[in-house]
Amino acid sequence: MAAPYNHRAIETKWRKHWEEHPVNVDDGKKPKYYCLDMFPYPSGNGIHVGHWRGYVLSDVWSRYKLMQGYYLIHPMGWDAFGLPAENYAIKMGIHPAISTAENVRHFKEQINQIAAIYDWDREVNTTDPEFYKWTQWIFVKMFKEGLAYEKEFPINWCPSCKTGLANEEVVNGCCERCGAPVTKKNLRQWMLRITKYADRLLSGLDGLDWPEKVKKMQTDWIGKSYGAEVDFAIDGRDEKITVYTTRPDTLYGATFMVLAPEHELAASLATPETKEAVDKYILDSSMRSNVDRMQDKEKTGVFTGSYAINPLNNAKIPIWLSDYVLADYGTGAIMCVPAHDDRDFEFAKKFNIPIIQVIAKDGKEIENMTEAYTDASGTMINSGEWNGMESAVLKKEAPHMIEKRGLGHATVNYKLRDWVFSRQRYWGEPIPIIHCPHCGNVPVPEEELPLRLPEVESYEPTGTGESPLAAIDEWVNCKCPVCGADAKRETNTMPQWAGSSWYFLRYVDNKNDKELVSKEKADKYLPVDMYIGGVEHAVLHLLYSRFYTKFLYDIGAIDFDEPFQKLFNQGMITGKNGIKMSKSKGNVVSPDDLVRDYGCDSLRMYELFVGPPELDAEWDDRGIDGVYRFLNRFWKLALDSREAKVAENKEMVKLRHKLAYDITQRLENFSLNTVISGFMEYNNRMIELARKTGGIDQETVECFIRLLAPFAPHISEELWELYGHSESVFSTGWPQADEEAMKDDEIEIPVQINGKTKAVIMVPADISKEDAIARGREALGGKLNGTVVKEIYVPKKIVNIVQK
RNA sequence: GCCGCUGUGGCGGAAUUGGCAGACGCACUUGACUCAAAAUCAAGCGGGUAACACCGUGCCGGUUCGAGUCCGGCCAGCGGCACCA
């Protein structure tokens, strides 16, 4: 009688063994493989089964690569700056550094339950001064390159978190963190000129093996558009108004112009008659929040009383103000062609402005227009010298034609805005800048970094737009590093994204106190080959990291400019009915009990078995019984077979190669749920075979053990040892399938009449068409009772007899 | 509103280039073992029928010898963007 599967004893044993005998070692000869997890924020709540999913995915992939002969970079670290630690500090009066350290300790303990093959020597923590020294160093470099600059303007402000936010952090007009509606606040801000990289951030996407969805989200976020800036004279005045349009082909159809209420000329365009209404509109707009502006579908606006001159035909068109025009995109002014733009159409209808069609749809004007015709397809009409041209052609040529005539120029625009980079909070990296009354903004000298975050009495955000650091006089007051005059430190801190934008570089050289990363190690181990994490960072962390990487490439710190070659987004694990797991909902499933009762190996496999890894999955505890039973059955089969010592037969050899082939294929396709079902299926087949023979031959069982190892490392390592091996199962290489050995001599073929299966026949795999059809007809017998019009045989697939 | 993804048993989900729909697992039913239960093992498990037939992959249509898969048109759910001119 074989000993029962004791997961606790086995897992404890091998955990200890691997610690003493690591299996992932750099011998300098193996190629590297860098498989990275998105590092977690170590919250006080610990981890749940949802965290496990991503970490198990990356570990399975890593161990697979390890068995294929790579040296793994598979590190873990902590994204530990941020609001929760600070809020906790405020509530409990404990320094965030202390609560963070405690959370890290707890998180690490829980993550170790997964038995992932992390290299803890590479661990990083964004709040460690030796780490944020380099976060600050990058900022100083950006400042010196003119990429970090100060600006005062109305930014997104979260009144609940009491800090400014980047555009990327505003979701549906609300704070990404806490959900409070975001307001505008005029603040002096540090900005990063990410827009300078807009084109490269766009073109770089082409070569990346990323989900199309994420690439598209970044593409849309960057929002590149081609068009023209056109100058309109103002009737009776010397100034011009420049508008941006992507449809210069419709210029003859412009019947009015709209300026954003914040446009610099807005107020001055009012006439004595309109002044009151114009001033009121400008004031009202400035009071309205983002959410307000977004929820209002109905267009509002006010006529200024002034007119612009269409440069092509000298038509006088009224100038309006409306908040549907954004001040910070394009020129803050647009020409309006209601016949061919939805928004302009709506506005014209509401305010009774004429509509002139300039593109004939299907050769004629649309009668009684009820909506704008926005396609650029059709022939130009009412357009002077452009009449008769194809609008699609003109759309491309018009910018250059306008440029030649000196009426404007071709240009491109981006939706991407510069990155609001300062936060008015305590628990972040201090921005290493000194404000000197004589020299202006001076960076902290590089050799003085890190600029340490000082201790404060109160972490509470002030809400005034000042950081809590502003209250520490002895820290704020300093000398200018250039001229020595009395100066003041910048008191804003960096956003949480600062550290996460580059942390993956540091893992490969985390103890280097001379450089961010040494050239040698960067060349050897970077960039990241596989990055695994949730999709929620598609335009946040993933865009910022690409920007940082491109910048570091430009200053020669690294010699690649895309950080993550391949990206995989795992789906979320939710509670019942797809509800996100959260403490407040009370639906969080902790892995602790499951590991205790079923073992780490079972939970690892079940995490994969719940569904396709890229899709969300509802957690159901009961399903884990299935994988647990499978491991028990395989355990028993393996031990019984070891006793039985049966010789291999043809079926076993075939099964072994098919198994290796199937598992590898599915793994390569990242179809990990079907890898698990594949193991179960083949195990059932082996049990079936063993009924006749008393067991399965050694080589086949060993092949199964090796394939199973990345998924269930403990039981595999134990069985490998029980099968008499002294080296680790992870050093045995990945089993190769011999496709010749997989081939069946005889195959099952369905026989159909008119496409409906009526019989199944066993035939030699290389049967001829004639024989196959003959055998098929024979099997059908009396069911074949009509006139046969066609006989089809698709080799190894099907016989189909078509009858009338 | 625009863009993208997804619709398959009671449930989670399988199905290379179109080729036996429902693999694998959960739940359930029955049987064996047991004083009994749990565990384990065996059998069954889309609808329908006594058994066939027949009907079944969101809905309607098309292509094809043959459609879950391809094409056209709808419907529903999820996600992204949200006046970017």
Side-chain angles (χ1 to χ4, degrees), chain A residues 4 171-173 211-214 216-221 223-225 227 243-248 250 254 258 260 293-297 299 322-326 328-337 340-344 346-347 371 374 413-417 535-536 538-539 578 605-606 609-612 614-630 632-633 636 665-666 669 671 673-684 687 748-760 788-803:
Chain A
V171 178
N172 292 325
E212 286 307 315
K213 181 184 167 179
V214 176
K216 187 165 186 318
M217 279 168 74
Q218 291 211 355
T219 304
D220 290 350
W221 191 261
K224 184 176 188 174
S225 69
V243 303
Y244 172 69
T245 179
T246 55
R247 294 296 301 276
T250 63
V258 177
R293 254 167 106 147
M294 266 165 39
Q295 276 165 356
D296 254 356
K297 286 285 166 205
K299 298 250 182 306
S322 176
D323 63 7
Y324 84 86
V325 174
L326 305 176
D328 58 350
Y329 179 79
T331 61
I334 60 170
M335 66 170 208
C336 298
V337 185
H340 305 290
D341 181 276
D342 292 325
R343 296 147 303 184
D344 299 349
E346 191 192 332
F347 195 86
E371 57 177 7
T374 55
N413 254 304
Y414 300 91
K415 290 187 193 176
L416 185 70
R417 309 291 149 87
V535 76
E536 66 272 15
V539 288
M605 293 192 82
Y606 185 54
F609 191 53
V610 287
E614 69 279 9
L615 300 182
D616 291 354
E618 277 181 35
W619 187 262
D620 182 356
D621 268 354
R622 287 179 301 187
I624 196 173
D625 283 311
V627 288
Y628 186 64
R629 285 173 194 146
F630 154 73
N632 273 286
R633 282 195 279 254
K636 184 169 181 307
Q665 284 293 307
R666 295 174 189 194
N669 292 331
S671 176
N673 53 325
T674 65
V675 171
I676 307 303
S677 64
F679 279 129
M680 291 171 170
E681 206 179 329
Y682 278 97
N683 190 44
N684 292 344
I687 289 170
E748 267 192 355
I749 297 272
V751 182
Q752 303 182 326
I753 298 177
N754 297 348
K756 289 202 193 306
T757 304
K758 300 289 178 183
V760 177
V788 173
V789 284
K790 200 169 180 182
E791 293 167 321
I792 292 155
Y793 172 62
V794 180
K796 298 184 186 179
K797 293 278 187 197
I798 205 131
V799 172
N800 189 12
I801 313 287
V802 186
Q803 68 173 14

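Computed from a predicted model, the values in this text were never measured in an experiment. Lettering follows sequence order; numbering is per chain, from 1.
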Please write out each protein N/O paired with an N/O of nucleotides 2-4 of chain B under 3.5 Å, distance rounded to 0.1 Å.
from, atom 1, to, atom 2, distance (Å)
C3(B), O2', K216(A), NZ, 2.8

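Judged by distance alone, with hydrogens and angles left aside, K415(A) brings no side-chain donor or acceptor close enough to the base of C81(B) to form a pair under 3.5 Å. Not a single donor-acceptor pair, N or O on each side, falls under 3.5 Å between the base of U40(B) and the side chain of K636(A). Between the side chain of E618(A) and the base of G12(B) there is no donor-acceptor pair of N/O atoms closer than 3.5 Å.
Of the listed nucleotides (A27(B), G19(B), G25(B)), G19(B) has the atom at the smallest distance from the side chain of I798(A). Checking G13(B), C65(B), A21(B) against every side-chain atom of T757(A), the shortest atom distance belongs to A21(B).
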What pattern of brackets, bars and dots sums up RNA chain B from 5' to 3', given Watson-Crick or G-U wobble pairs under 3.5 Å, [ ] for crossing pairs and | for another strand? (((((((..(((......[....))).(((((.......))))).((......))..(((((..]....))))))))))))....

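In this model, the phosphate group of A85(B) is not approached by any side-chain N or O of Y324(A) to a distance below 4.0 Å at OP1 or OP2.
Comparing U40(B) with G46(B), their C1' atoms are spaced 29 Å from each other, to the whole Å.
Residue contacts for N684(A): at a heavy-atom cut-off of 4.0 Å it reaches the sugar-phosphate backbone alone, with no base atom in range. Counting any heavy atom pair closer than 4.0 Å across all strands shown, K224(A) reaches no nucleic acid atom.
Classification of the F347(A)-Y324(A) ring pair by plane angle, with boundaries at 30° and 60°, yields tilted.
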